[in-house]
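These values consider heavy atoms only, across backbone and side chains, with no hydrogens, waters or symmetry-generated copies. Protein chains get the first letters and strands the later ones, always in sequence-line order, with residue 1 at the start of each. Keep in mind that this is a model prediction, so the values were computed, not measured.
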Amino acid sequence: MEDVGIDEAYLDVTDIPETNEEITGRIKAGIKEKTGLTCSIGIASNKLLAKIASDMQKPDGVTVLMEADVETKLWPLPVRKLYGIGPKTEEHLKGINIETIGQLAALPLEKLLEHFGNSYGQYLYEAARGMDESPLVTHWEPKSFSRETTFQEDVRDWQVIARTLADLSKEVVQDMQGHRYKARTITIKIRFSDFETFTRAMTISDYTDSEEEIRKSAFACLKRIELKKKVRLVGVRASNLIALWACGINRPAY
DNA sequence: TCTGGGGTCCTAGGACCC
DNA sequence: TCTGGGGTCCTAGGACCC
């Protein structure tokens with residue numbers, strides 16, 4: 001099973017010796033019993049199609065979407081239904097008269113690479129055909145820890161911004177320590193009242209989980225942003241991580 | 001449709017090294 | 001000293017997801 005956020009998961013049932021009906025019945029009954037909630041399930045030959053299928057009959061449905069169904073069931077859908085296509089890409093595609101997944105699939109690869117770059121263009125080419133070989137990820141390592149906060153009211157007072165930055169730094173450090181990681185890169189984020197958003201990053205030479213060091217880095221970054229407008233949000237992120245338990249220190253129990 | 005908070009991945013440019 | 005190619009690392013911003 002791969003966890004995807006708070007209320008989604010992919011299950012590889014390849015080797016489960018039960019019918020689709022038995023499996024989905026068991027899942028639905030289990031979720032109902034434990035939470036009182038219904039759920040929607042998509043059954044497919046890969047994660048991409050399963051995700052789309054799970055969305056097709058929303059409350060309490062079961063939808064099967066196999067490769068043979070791509071033309072009839074996937075292609076009529078709006079591009080926005082494709083995992084990885086958000087509002088920006090939807091707009092971009094609309095600009096070149098592409099509104100359905102079928103129309104997207106009709107575009108030659110070269111055209112997609114031109115418009116969307118190598119990586120994303122290739123992804124769109126395959127996704128529009130229902131192709132996806134990504135494996136279930138049952139275990140992963142965090143890449144960053146962060147905290148951010150939006151003020152109730154936009155703030156002009158540097159003291160308030162500074163105190164918030166210090167508080168957030170502390171929370172990030174606690175989270176990081178709890179998971180037994182150290183970081184080398186500290187990034188801060190400032191969003192102004194007009195939603196203009198800036199980030200400033202700093203990479204230090206040694207991995208650290210020291211609150212003082214991380215707070216100081218955050219403040220060094222803050223100095224590099226001119227606070228000429230009211231501030232709506234501040235954030236702190238620690239990345240470029242190393243796992244302490246990967247160098248002979250005990251793994252955390254979480 | 002927007003906002004908020006937690007993430008990931010990608011790109012482009014610059015600095016630096018061999 | 002200059003040019004070029006290849007590679008790595010860092011930074012800033014953007015798109016997307018739940």
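Rounded to an integer number of Å, the gap from A:Phe116 CZ to C:dG14 P is 18 Å. With rounding to whole Å, A:Asn240 atom CG is found 12 Å from C:dT11 atom C1'. Here B:dT8 presents its P atom at 15 Å from CG of A:Asp3, a figure rounded to the nearest Å. The interatomic distance linking A:Lys88 (NZ) with B:dC9 (C1') rounds to 18 Å, in whole Å. One interatomic measurement links the two molecules: CZ of A:Arg237 to P of C:dT11, which rounds to 14 Å at whole-angstrom precision. What separates NZ of A:Lys189 from C1' of C:dT11 is a distance of 16 Å, to the nearest Å. As a whole-Å value, the separation of A:Leu241 CG from B:dC9 P is 12 Å. Atoms NE2 (A:His115) and P (B:dC10) sit 21 Å apart, rounded to a whole Å.
Of the candidates B:dG5, C:dC17, C:dA12, C:dC17 carries the atom nearest the A:Arg80 side chain, counting heavy atoms from C-beta on. Closest contact between the side chain of A:Tyr83 and the listed nucleotides C:dC16, C:dC18, C:dA12 involves C:dC18. The A:Lys143 side chain lies nearest to B:dC9 when the options are C:dC10, B:dC9, C:dA12. Which of B:dC10, B:dG5, C:dC10 sits closest to the side chain of A:Leu233 comes down to B:dG5.
Put simply, A:Arg224 has a side-chain N or O that comes within less than 4.0 Å of OP1 or OP2 on C:dA12. Listed pair A:Lys51 / C:dC18 meets the phosphate criterion, a side-chain N or O lying under 4.0 Å from OP1 or OP2. Distances shorter than 4.0 Å separate some side-chain N or O of A:Thr203 from OP1 or OP2 on C:dT11. At C:dG13, one or more side-chain N or O atoms of A:Thr199 fall inside 4.0 Å of OP1 or OP2 (strictly under the cut-off). A close approach under 4.0 Å does not occur between any side-chain nitrogen or oxygen of A:Ser144 and OP1 or OP2 of B:dG7. For A:Thr149 and B:dG4, the shortest distance from a side-chain N or O to OP1 or OP2 is not below 4.0 Å. In this structure, A:Arg200 reaches the C:dG13 phosphate: one of its side-chain N or O atoms is under 4.0 Å from OP1 or OP2. Between A:Arg147 and the phosphate of B:dG6, there is a side-chain N or O to OP1/OP2 separation shorter than 4.0 Å. Residue A:Arg232 places none of its side-chain N or O atoms closer than 4.0 Å to OP1 or OP2 of B:dT3.
Each of A:Arg191, A:Lys230, A:Lys229, A:Arg232 was checked for a salt bridge (Lys or Arg N to Asp or Glu O under 4.0 Å) with A:Glu196, and the lone residue meeting it is A:Lys229.
For C:dG13, the paired base is B:dC10 (Watson-Crick or G-U wobble, both distances below 3.5 Å). In a base pair of the Watson-Crick type (N1 to N3 plus N6-O4 or O6-N4) or a G-U wobble (N1-O2 and O6-N3), with each distance short of 3.5 Å, C:dC18 is matched with B:dG5.
Between the side chains of A:Thr38 and A:Asp60, no donor-acceptor pair is found at a separation under 3.5 Å.
Residues A:Tyr207 and A:Asn240 come closest through the heavy atom pair CE2-O, 3.0 Å.
Taking the charged nitrogens against the carboxylate oxygens, A:Lys51 and A:Glu8 do have a contact shorter than 4.0 Å, which makes a salt bridge. A salt bridge links A:Arg26 to A:Glu18: at least one charged side-chain nitrogen sits closer than 4.0 Å to a carboxylate oxygen. Taking a cutoff of 4.0 Å between a charged side-chain nitrogen and a carboxylate oxygen, A:Lys216 and A:Glu212 qualify as a salt bridge.
At the heavy-atom level, A:Thr89 lies under 4.0 Å from the strands shown only through sugar-phosphate atoms.
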